2 protein chains.
Amino acid sequence: MTQQRTTKQFEAIRKAIDSAGRPLSIEEIHDVASRTVETVGQRTVYRVVRQLQDEGMIVGVSVPNGSDRYELASIASKHHHHFHCKACDRFFDVDGCPGGLKKMVPKGFVLEHHDLTLSGLCAACA
Amino acid sequence: MTQQRTTKQFEAIRKAIDSAGRPLSIEEIHDVASRTVETVGQRTVYRVVRQLQDEGMIVGVSVPNGSDRYELASIASKHHHHFHCKACDRFFDVDGCPGGLKKMVPKGFVLEHHDLTLSGLCAACA
DNA sequence: CTACTATTGGCAATAAATTGCCAATACAGT
DNA sequence: ACTGTATTGGCAATTTATTGCCAATAGTAG
């Protein structure tokens, strides 16, 4: 009985996300995985990322003006926000969360979630 | 000498954005303008919006998972944030701004802007 | 080692947003 | 009202992100 085979590609992709420490785009995952394994097709990255999402290991992060990023569900479940570097277009996790959001909600509106994105230059680009 | 003609379409589109009080998508602008003038092609909405952007009257607002919204530059210049209704997919302006963002910035990073999006249900949908 | 089949990956196809093209239309000066 | 041309708007084409297809490849059980 065979169900799930362990391939170099799958492992490379999983590890790339697992050790990134920040949300990665498909392209970034592809780049990182390609440094580990000789051949990794973009098609495979899309497929494995989808699978890991379905399994609940990672979650997608939608961003303005760009393709989705993916990060570990274990990190995403801890409330946090993101920093976007305008120079290298990478996203980083930041801790903390500003308070007093309820005051901003217009009358009659129901606040469920919020999303804060800081932007500027990352340490490497500054 | 002719340079800029005043057409019904142009006026309808400009007024739609001018009186919206919230950021509108191309589709929303098209819908509103179409209620004023019999014929307004989507193509024309794209063109006029671009023109108004170039002239500096309106600015584009990029959002995750969706096409750009457009709002008056006069409103955008006043620092504010947005509320996104998950039910009707409309965006609304909200006043106020949480403080203490600088504490969240990682060492070495340079904070230039920030963008907060509240989400949930608008008054009409709640 | 062999055979079976899960997985891969290149390329075409799709989906969604936006733009190019251009003939028809409708402002504006005379 | 007449004419010149700015503007319009339908449709095809483009762009970018993602998925379908399927023959080739490579894990894995025996």
Side-chain angles (χ1 to χ4, degrees), chain A residues 1-17 23-55 57-71 84 88-91, chain B residues 1-17 23-55 57-71 84 88-91:
Chain A
M1 172 173 60
T2 47
Q3 286 188 341
Q4 172 90 343
R5 293 182 178 173
T6 303
T7 67
K8 303 172 194 168
Q9 288 84 355
F10 183 92
E11 285 305 300
I13 292 168
R14 188 187 59 70
K15 287 181 184 172
I17 302 172
L24 299 182
S25 66
I26 292 292
E27 188 184 354
E28 288 174 321
I29 295 170
H30 184 240
D31 289 344
V32 174
S34 294
R35 286 200 285 274
T36 303
V37 184
E38 325 69 59
T39 71
V40 181
Q42 189 191 46
R43 186 69 191 82
T44 299
V45 177
Y46 271 108
R47 210 162 14 213
V48 170
V49 163
R50 164 66 58 87
Q51 184 183 336
L52 294 177
Q53 262 196 118
D54 292 344
E55 294 174 354
M57 176 184 169
I58 66 177
V59 298
V61 180
S62 299
V63 302
N65 277 331
S67 50
D68 289 355
R69 314 293 160 127
Y70 300 89
E71 68 181 350
H84 176 226
C88 62
D89 195 32
R90 292 185 297 179
F91 281 80
Chain B
M1 168 173 57
T2 47
Q3 289 189 337
Q4 171 91 342
R5 293 181 179 175
T6 303
T7 67
K8 303 171 195 169
Q9 288 83 355
F10 183 93
E11 285 305 299
I13 293 168
R14 189 186 57 69
K15 287 181 183 172
I17 302 172
L24 299 182
S25 66
I26 293 291
E27 187 183 354
E28 288 174 320
I29 295 170
H30 183 241
D31 289 344
V32 174
S34 294
R35 286 199 285 275
T36 305
V37 184
E38 326 68 58
T39 71
V40 181
Q42 190 191 46
R43 186 68 189 83
T44 300
V45 177
Y46 271 108
R47 209 163 12 215
V48 171
V49 162
R50 163 65 57 87
Q51 184 184 336
L52 294 177
Q53 262 196 118
D54 292 342
E55 293 174 355
M57 176 187 170
I58 66 177
V59 297
V61 179
S62 298
V63 303
N65 277 330
S67 49
D68 288 356
R69 315 293 161 128
Y70 299 89
E71 69 181 350
H84 176 228
C88 62
D89 196 31
R90 291 185 298 180
F91 280 80

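Any value given below was found using the heavy atoms of this structure, including those in side chains, with hydrogens, waters and symmetry copies removed. All of these numbers come straight from a predicted model, not from anything done at the bench. Proteins come first, then strands; the chains are lettered A, B, ... in the order of their sequence lines, and each starts at number 1.
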Between B:D54 (CG) and C:dT19 (P), how many Å, whole number? 11 Å

Reckon A:S67 touches a base, only the sugar-phosphate, or nothing at all at heavy-atom distances under 4.0 Å? sugar-phosphate

Report the distance from atom NE2 of A:H30 to atom C1' of D:dT18, rounded to the nearest whole Å. 14 Å

Under the criterion side chain to side chain contact (heavy atoms under 4.5 Å, CB included), which of A:T39, A:V45, A:T36 is the partner of A:Q9? A:T39

Rounded to the nearest Å, what distance is computed from the CD atom of residue B:E11 to the P atom of nucleotide D:dT8? 11 Å

Can you tell me if B:T7 touches the phosphate of D:dA6, counting only side-chain N or O atoms and a distance under 4.0 Å to OP1 or OP2? no

Reckon B:Y46 has a side-chain N or O less than 4.0 Å from the OP1 or OP2 of C:dT19? no

OP1 or OP2 of C:dG9 less than 4.0 angstrom from a side-chain nitrogen or oxygen of A:T39, does that happen here? yes

Side chain to side chain contact (heavy atoms under 4.5 Å, CB included) partner of B:V48, the single match among B:I13, B:T7, B:I29: B:I13

If I take atom OH in residue B:Y70 and atom P in nucleotide C:dA17, what distance separates them, rounded to the nearest angstrom? 12 Å

Atom CD1 of B:I29 and atom C1' of C:dA17: how far apart are they, to the nearest Å? 14 Å

Is the phosphate of C:dT7, meaning OP1 or OP2, less than 4.0 Å from a side-chain N or O of A:Q4? yes

Taking atom types as they are modelled, would you say the side chain of B:R43 forms a donor-acceptor pair with the base of C:dG20 within the 3.5 Å cutoff? yes

Using a strict threshold of under 4.0 Å (side-chain N to carboxylate O), is an ion pair present between B:E11 and B:R14? yes

What is the distance from CD of B:E27 to P of C:dA16, rounded to the nearest Å? 12 Å

Measure CZ/B:F10 against P/C:dA28 and give the value in whole Å, please. 12 Å

Roughly, in whole Å, what's the span from CD1 in B:I13 to C1' in D:dG9? 11 Å

Looking at the base of D:dT5, is there any donor atom on it, or on the side chain of B:R5, that sits under 3.5 Å from an acceptor on the other one? yes

When you check the phosphate oxygens OP1 and OP2 of D:dG27, does a side-chain N or O of A:Q9 lie under 4.0 Å from one of them? no

Using side-chain heavy atoms (C-beta onward) and a distance below 4.5 Å, is B:V59 in contact with B:E71? yes

Got B:K8 and B:V40 here, is their nearest side-chain heavy-atom distance under 4.5 Å? no

A:G41 vs B:D68, nearer the 5' end of DNA chain C by closest nucleotide: A:G41

Heavy-atom nearest nucleotide on DNA chain C for A:Q42 versus B:R50: which residue maps closer to 5'? A:Q42

Assign B:R47 to base, sugar-phosphate, or nothing according to its heavy-atom contacts below 4.0 angstrom with the strands shown. base

Whether B:T6 contacts C:dC27 is assessed here as follows: a side-chain N or O lying under 4.0 Å from the phosphate OP1 or OP2. Is that the case? no

